[in-house]
Structure formats: C-alpha cells, structure tokens
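Structure first, then comments.
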Amino acid sequence: MPVRPPSESARTRAAERLAALATPPGALGRLGEIGVWVAACQGQVPPEPLDDIRLVIFAGDHGVAAHGVSAFPSTVTGAMVRTFLAGRAGVNALADAHGVAVRVLDLGVDDDFTDLDDDTRTALTAHKIRRGSGAIHLEDALTAEETAAALRAGAAVAREEIAAGAQVLISGDMGIGNTTPAAAIVAAALGLPAAEVVGRGTGIDDAGLAVKTEVVDTALRRAGSRCADPVDTLTALGSADLAATTGFLLAAAQEGVPVLLDGLISVACALTADRIEPGAAAWYAAGHRSTEPAQSLALAKLGLEPLLDLEMRLGEGSGAVAAVPLLRSAVALLRDVALLSELGL
C-alpha cells in the first residue's frame with residue numbers, strides 16, 4: 001500500500017487557526033507546530049483530542065550480545081518482558097501516568113516463557129519469528145523469509161491497534177544488544193563508518209565501545225552491497241524485532257496514523273521504513289533525543305526535531321511516552337484557545 005502524505009489542506013487551515021489564536025504570534029513555539037502536524041495527520045481542524053495512544057513493545061534477543069557489546073547478559077531480555085507483563089517496568093509507570101496502553105510481543109526472545117499461563121504466553125508469542133537473531137558480524141541476522149515474516153507481523157500488529165481505535169502509535173523495544181544492529185542499520189542507510197554511529201548503549205566502558213565499534217564495522221563489511229537495499233539490510237544487519245518494528249511503522253504511515261518515535265531502535269526502523277516507502281517519515285514525530293549518536297544522525301536525515309532532550313537511554317518506548325503530554329497539550333491549545341476574532345480584535 002503506498003504512503004499518502006498528511007492533508008495539506010488541513011495543515012494550511014490549522015496554521016491559519018494557530019495564527020488567529022488569542023496568543024502573541026509565535027508564542028506557542030513548537031507546541032503550535034506539533035498541533036498543526038496532528039491536525040494534518042487527522043485531516044481535521046481543530047484536531048480531535050488524543051484519547052487513545054498505544055505502545056507496542058517488540059522484544060527480541062541478538063547474537064551479538066554474546067560478543068562483548070553490552071553491559072548486561074541476554075537473559076535480562078526475558079526478565080524484562082516478564083516485568084512489562086507485570087506492569088512494573090519504567091515504561092509501565094510512565095504509561096500509567098499518561099494514559100497510554102501497553103502491549104508487549106516476543107518476536108525473537110531466546111526464551112519459551114513456559115512459566116507463563118497459556119493465555120498470556122499465546123498472546124505474547126503470537127508473532128514469534130525465532131529464538132534470537134544471528135550475530136551480525138558473523139552471519140545474517142535473519143533469513144529472507146524470516147525478514148518478510150517479521151515485516152508482515154509488525155504491519156498486522158499496527159493494523160490491529162488501529163482497528164481497535166489507536167489515534168497515535170508508539171513502538172517500544174526490549175532486547176539486550178539491540179543498539180548494535182540498530183547502529184549498523186543507520187550506518188548502512190547513511191553510508192557512515194561505525195565510529196560515527198556507535199554509542200554506549202546500556203553503559204559499556206571504553207573497551208566495550210571499541211569492541212562494539214569493531215563488531216559493527218565487521219558487520220557492515222560482511223553485508224557489503226546489500227546495504228543499498230533496506231529490506232536486505234534488515235536481513236543482514238537487523239533482527240526479528242527490528243524488522244517487525246519497521247513493518248509496524250510502515251503500516252502506520254500507510255494507514256495514515258501518526259507515530260511518536262522513541263530512541264535509537266524506533267528511529268533506525270523509521271529510517272528503514274522511509275527507505276522502503278519514501279514519504280513515510282511525514283507521519284512520524286520524534287518524542288525525544290537519546291544519548292546514542294546514531295539516533296541523532298537518523299533524525300537529521302528524516303528531518304525530525306525531538307520534543308524532549310532529557311539524556312534518556314532507557315528504551316522500552318519510555319522517551320516517547322514521556323512526550324505524550326506535550327502532544328496532548330499541543331492539540332488542546334489548537335482546539336481550546338479563543339480566537340482573536342472572538343474577542344472582537
């Protein structure tokens with residue numbers, strides 16, 4: 001399905017309304033800009049209140065986690081998935097505070113979750129592609145068939161959430177080692193060396209950073225010319241959870257539903273979605289700036305300026321959820337502030 005742009009006529013009418021509000025010109029700053037963007041995405045002026053915002057966390061393990069690129073072992077992935085399900089993770093606290101629904105899915109966790117009850121396990125693993133993805137400096141992350149299946153799974157999940165009433169979607173992530181394939185995907189898309197994109201992820205030291213940089217450089221050399229194709233890039237350098245996130249973001253743009261992006265993982269996948277369907281980025285807003293250099297580079301390529309810059313690096317969708325009140329504030333201002341004409345001015 002091709003991606004159509006947000007409504008230009010609604011954008012124009014929203015900008016005119018913004019200029020006509022009983023506020024000094026430009027006084028609302030970027031809140032005004034965000035309100036106009038939401039109106040354009042909805043095709044409606046003033047925009048509707050954002051009552052139904054949904055986060056989907058795509059979880060998966062990564063073969064590179066066993067090669068010194070992370071400060072934590074891969075067993076943390078499964079433990080954190082259980083914490084999400086219990087409602088006790090950082091993003092759960094933020095989502096509860098801001099009225100955001102949370103769904104977690106296992107796309108490639110190296111765990112069978114046999115300790116969970118049948119209904120919970122079935123819902124969690126309904127779209128599972130495999131247990132863990134390949135170590136990208138040694139082998140492809142996925143087969144071509146697995147990449148296609150993950151893209152379809154993410155798209156199906158987005159359409160499920162939209163059919164259930166989602167007005168805004170957020171993609172979250174959980175996977176020890178996942179900043180390594182995400183950085184590699186950004187490097188491949190932008191034609192950059194590993195040294196310019198690799199960050200400290202979960203907090204690795206200088207020695208770990210050197211190892212991670214070499215892993216990404218080796219992975220890029222191994223992938224070679226396949227980096228020119230975004231889907232081949234996901235197969236060579238991505239993972240099941242990153243491919244599903246890409247499908248999720250792409251389907252949201254195809255369906256005309258705005259997305260609030262989180263950190264490196266979601267932004268790397270948004271960059272990939274925009275490579276697959278140019279124009280998809282028009283449906284995305286950047287929730288926050290993470291501390292990962294690859295995220296800022298990808299945001300610049302997408303032409304997106306983050307709403308928040310709090311030096312967060314938690315992942316999970318947390319930075320985007322933290323920005324939800326700003327999105328709702330922007331809509332409220334464009335909807336509810338009096339017009340100058342109503343004051344007789």
Side-chain angles (χ1 to χ4, degrees), residues 2-55 94-101 158 161-170 249 252-262 267 270 274 277-289 299-300 302-310 317 319-345:
V3 173
R4 59 175 176 79
S7 170
E8 281 302 321
S9 63
R11 189 189 304 276
T12 299
R13 288 184 285 118
E16 291 170 348
R17 181 178 177 85
L18 177 65
L21 295 180
T23 60
L28 297 180
R30 294 202 56 220
L31 281 177
E33 295 172 8
I34 290 296
V36 169
W37 173 73
V38 173
C41 291
Q42 292 184 355
Q44 182 169 320
V45 180
E48 295 180 354
L50 298 176
D51 299 322
D52 195 330
I53 299 179
R54 298 174 180 232
L55 163 69
L94 289 168
D96 288 347
H98 302 315
V100 175
E161 298 299 319
I162 292 166
Q167 296 167 288
V168 175
L169 292 175
I170 299 172
L249 298 175
Q254 291 169 335
E255 297 292 338
V257 173
V259 175
L260 193 55
L261 299 175
D262 187 46
V267 171
D274 195 66
E277 280 288 345
W283 293 94
Y284 308 149
H288 83 123
R289 187 184 303 281
L299 286 175
L302 292 169
L304 300 177
E305 185 67 26
L307 293 175
L308 298 176
D309 191 346
L310 302 176
V321 174
V324 163
L326 294 181
L327 210 63
R328 288 185 169 134
S329 295
V331 169
L333 288 165
L334 199 56
R335 283 181 58 84
D336 299 333
V337 173
L339 301 177
L340 286 169
S341 60
E342 294 172 339
L343 305 183
L345 300 174

Problem - Candidate pair V3 and W283, rule side chain to side chain contact (heavy atoms under 4.5 Å, CB included), full reasoning - result: CA-CA 9 Å; V3 173; W283 293 94; 3.7 Å; yes
So, do [X] and [Y] sit near enough that their side-chain heavy atoms are less than 4.5 Å apart?
X	Y	answer
D262	H288	yes
L94	V100	no
V257	V168	no
T23	V337	yes
I53	Q167	no

Handout entry: Criterion side chain to side chain contact (heavy atoms under 4.5 Å, CB included) on L249 and L261, from CA distance to verdict
Key = CA-CA 9 Å; L249 298 175; L261 299 175; 4.1 Å; yes
State, to 0.1 Å, how close [X] and [Y] come at their nearest heavy-atom pair, and which atoms those are.
X	Y	answer
E255	I162	CB-CD1, 3.7 Å
V259	A252	CG2-CB, 3.5 Å
G317	I170	O-CG2, 4.3 Å
L302	A270	CD1-CB, 4.1 Å

Apply salt bridge (Lys or Arg N to Asp or Glu O under 4.0 Å) to [X] and list each qualifying residue two or more places apart in sequence or on a separate chain.
X	value
D52	R54
R17	none
R335	none
R11	E8

Practice task
Run the numbers on L327 and L50 for side chain to side chain contact (heavy atoms under 4.5 Å, CB included), then give the verdict.
Solution key: CA-CA 8 Å; L327 210 63; L50 298 176; 3.8 Å; yes
Problem - Rounded distance [0.5 Å steps], CG in L260 versus CG in L169 - result: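 Answer for the CG-CG pair, L260 versus L169, is 10.5 Å.
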Exercise for the section: Measure the spacing between CG of L21 and CG of L334 and express it to the nearest 0.5 Å. Expected result: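 Reported value, rounded in 0.5 Å steps: 6.0 Å.
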Would you give me the side-chain donor-acceptor pairs under 3.5 Å for residues 24-43, sequence neighbours excluded?
| residue | atom | partner | partner atom | Å |
| --- | --- | --- | --- | --- |
| R30 | NH1 | P306 | O | 2.8 |
| R30 | NH2 | E305 | O | 2.8 |
| W37 | NE1 | A282 | O | 3.0 |
| Q42 | OE1 | E48 | N | 2.6 |
| Q42 | NE2 | E48 | O | 3.3 |

Practice task
Ignoring hydrogens and angles, tell me if any N or O in the side chain of R4 forms a donor-acceptor pair with the backbone of A253 under 3.5 Å.
Solution key: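 Looks like no, no N/O pair under 3.5 Å.
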Handout entry: Side-chain donor or acceptor of D274 paired with backbone N/O of G279 under 3.5 Å
Key =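 Flag set: sc D274 to bb G279 pair under 3.5 Å.
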Handout entry: Inter- and intrachain pairs under salt bridge (Lys or Arg N to Asp or Glu O under 4.0 Å), touching residues 34-47, at least two apart
Key =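 For residues 34-47: none.
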